[in-house]
Amino acid sequence: MSRQSNRTTESKKMNSELFTLTYGALVTQLCKDYENDEEVNKQLDKMGYNIGVRLIEDFLARSSVGRCHDFRETADVIAKVAFKMYLGITPSVTNWSPAGDEFSLILESNPLVDFVELPDNHSTLVYSNLLCGVLRGALEMVQMAVDVRFAQDTLRGDNVTEIRMKFIKRIEENLPAGDE
Amino acid sequence: MADEALFQFLHNELIQYVYKSAEHGEMENGRCITKLENMGFRVGQGLIERFTRDTARFKDELDVMKFVCKDFWTSVFKKQIDNLRTNHQGIYVLQDNKFRLLTQLSTGKQYLEHAPKYLAFTCGLVRGGLANLGVKSIVTAEVSVMPACKFQVMIQKM
């Protein structure tokens, strides 16, 4: 069998494995470096934030998505364009609050946890917390302050992974936020 | 590639994190490099297992190295190694003329001293990959002109 044959078509997939495994190595390192899960969660969120504030530029440049008119449109863009583009999945947008300022992203599958099992002694670890930071950071750069957190996680035995996003306010002044 | 931007950002954060935590504690440059290298090692081990799942058995060491230069490199960095040299005594030099993780840095001399940070993870990646194929090695990297770099693989005889 020649080795070259089926490799080119698969290459994109491989790249996501690289990402998944690298992320795993990072979380492992954090768990070694910090005493408790809370600290790890916080650090992951912070790193995600740093990624988000940069990723948004890449996103806007490549997706050619224009300004969103309301939060519903933002939700759709995040789910159908952003997640698709970077993680290759399309979460569904549901559970809108009556005021329309809060919704859930339901992830059928989460590429970050492809090879992951949580050991018992890390029950409060939010493994994919990086994603929250990414969303928060990216939206902050387009003048939206949001609160993002994991409501459900398959790693912890839930049926689906649910990210809850809440709109807090529109950021008026356009000053660059503290880049950590 | 879409995933790639994400990986590059993550890789940058990895470096930032390791070096930031070194500022607080007492950790010198070498320890940071080792830490990054170790992370890469683990990832390399995992990747090579998946990449070689359907391949035929390797003939010899050179065959393994060729696989790393072609398939492994293409899967990870979207291009092949540009030049592979060996002294046939256990030393291989892999040259990449446009190394992916350096392309975002200026090509001038300005950031040359920071280049090793951006290569440590990949050194580990290669070492981990080789280790899982039964080849024990030491991998180092050097940059003289960005974004080209050379990885030197020294095979450790068992």
Side-chain angles (χ1 to χ4, degrees), chain A residues 1-8 10-30 32-34 43-44 46-59 61-63 81-88 111-112 114-115 130-131 133-134 137 179-180, chain B residues 1-18 20-22 24-25 27 35-58 63 66-67 70-80 100 104 121-122 124-125 128-129:
Chain A
M1 270 290 285
S2 81
R3 294 219 168 94
Q4 270 80 8
S5 60
N6 53 9
R7 216 148 288 275
T8 40
E10 257 188 295
S11 67
K12 216 170 165 184
K13 177 99 192 305
M14 292 307 182
N15 228 326
S16 83
E17 279 170 2
L18 173 70
F19 179 74
T20 305
L21 288 170
T22 306
Y23 184 68
L26 169 69
V27 180
T28 311
Q29 187 63 47
L30 290 177
K32 273 186 206 154
D33 291 352
Y34 290 101
Q43 185 63 35
L44 284 173
K46 199 161 128 192
M47 295 172 99
Y49 176 85
N50 290 344
I51 294 175
V53 297
R54 293 175 173 85
L55 197 67
I56 187 75
E57 277 192 42
D58 181 78
F59 176 73
R62 289 203 333 222
S63 66
V81 189
F83 266 87
K84 180 92 195 123
M85 193 160 160
Y86 292 110
L87 291 175
L112 290 185
D114 269 352
F115 314 114
L130 188 95
L131 290 182
V134 173
D179 174 16
E180 290 148 341
Chain B
M1 284 285 109
D3 276 320
E4 201 190 318
L6 205 55
F7 171 73
Q8 290 209 349
F9 284 125
L10 184 72
H11 182 252
N12 288 348
E13 282 306 310
L14 225 60
I15 295 165
Q16 283 299 322
Y17 165 71
V18 169
K20 264 264 170 58
S21 52
H24 303 309
M27 223 196 339
K35 222 171 173 182
L36 286 168
E37 218 260 5
N38 281 334
M39 284 193 234
F41 183 82
R42 185 65 198 87
V43 175
Q45 281 187 312
L47 281 179
I48 205 84
E49 258 181 34
R50 308 196 53 90
F51 291 179
T52 52
R53 200 174 34 193
D54 304 318
T55 56
R57 184 178 289 272
F58 294 107
D63 201 24
K66 280 184 183 160
F67 178 81
K70 285 185 184 159
D71 303 65
F72 185 77
W73 219 259
T74 310
S75 303
V76 177
F77 299 115
K78 304 275 171 204
K79 74 187 278 297
Q80 294 187 8
R100 213 72 182 188
Q104 303 297 325
F121 182 83
T122 308
L125 212 60

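Note that the coordinates shown come from a computational prediction; the quantities given were computed from them, not determined experimentally. Letters A, B, ... mirror the listed sequences (proteins, then strands); counts begin at 1.
When the side-chain hydrogen bond (donor to acceptor under 3.5 Å, both in side chains) test is applied to B:Glu49, the partners found at least two apart in sequence or on another chain are B:Asn132. For B:Asn12, the side chain to side chain contact (heavy atoms under 4.5 Å, CB included) partners two or more places apart in sequence, or in a different chain, are B:Tyr118.
In this structure, A:Lys32 NZ and B:Lys35 NZ are separated by 9.0 Å, a value rounded to the nearest 0.5 Å. Atom CG in A:Leu18 sits 7.0 Å away from atom CZ in B:Phe51 (nearest 0.5 Å). For the atom pair A:Leu55 CG and B:Leu6 CG, the distance stands at 6.0 Å (nearest 0.5 Å). Remark: B:Leu10 CG to A:Tyr23 OH distance equals 8.5 Å, nearest 0.5 Å. Atoms CD and OG, on A:Gln29 and B:Ser21 in that order, are 8.0 Å from each other to the nearest 0.5 Å.
Heavy atoms closer than 4.5 Å to chain B are found in the side chain of A:Phe115, but not in its backbone. B:Phe41 does not touch chain A: none of its heavy atoms, backbone or side chain, sits under 4.5 Å away.
By number of non-hydrogen pairs under 4.5 angstrom with chain B, the leading residue of A:Thr20, A:Leu87, A:Thr28, A:Asp33 is A:Asp33.
A 4.5 Å side-chain heavy-atom check between B:Met39 and A:Thr22 finds every atom pair outside the cut-off.
Counting all heavy atoms, side chain and backbone alike, A:Met47 lies closest to B:Glu13 at CE-O, 3.4 Å. The minimum heavy-atom distance between A:Tyr34 and B:Tyr17, with the atom names listed, is CE1-OH, 3.6 Å. Of all the heavy atoms in A:Asp58 and B:Ala5, the pair that sits closest is OD2-CB, 3.8 Å.
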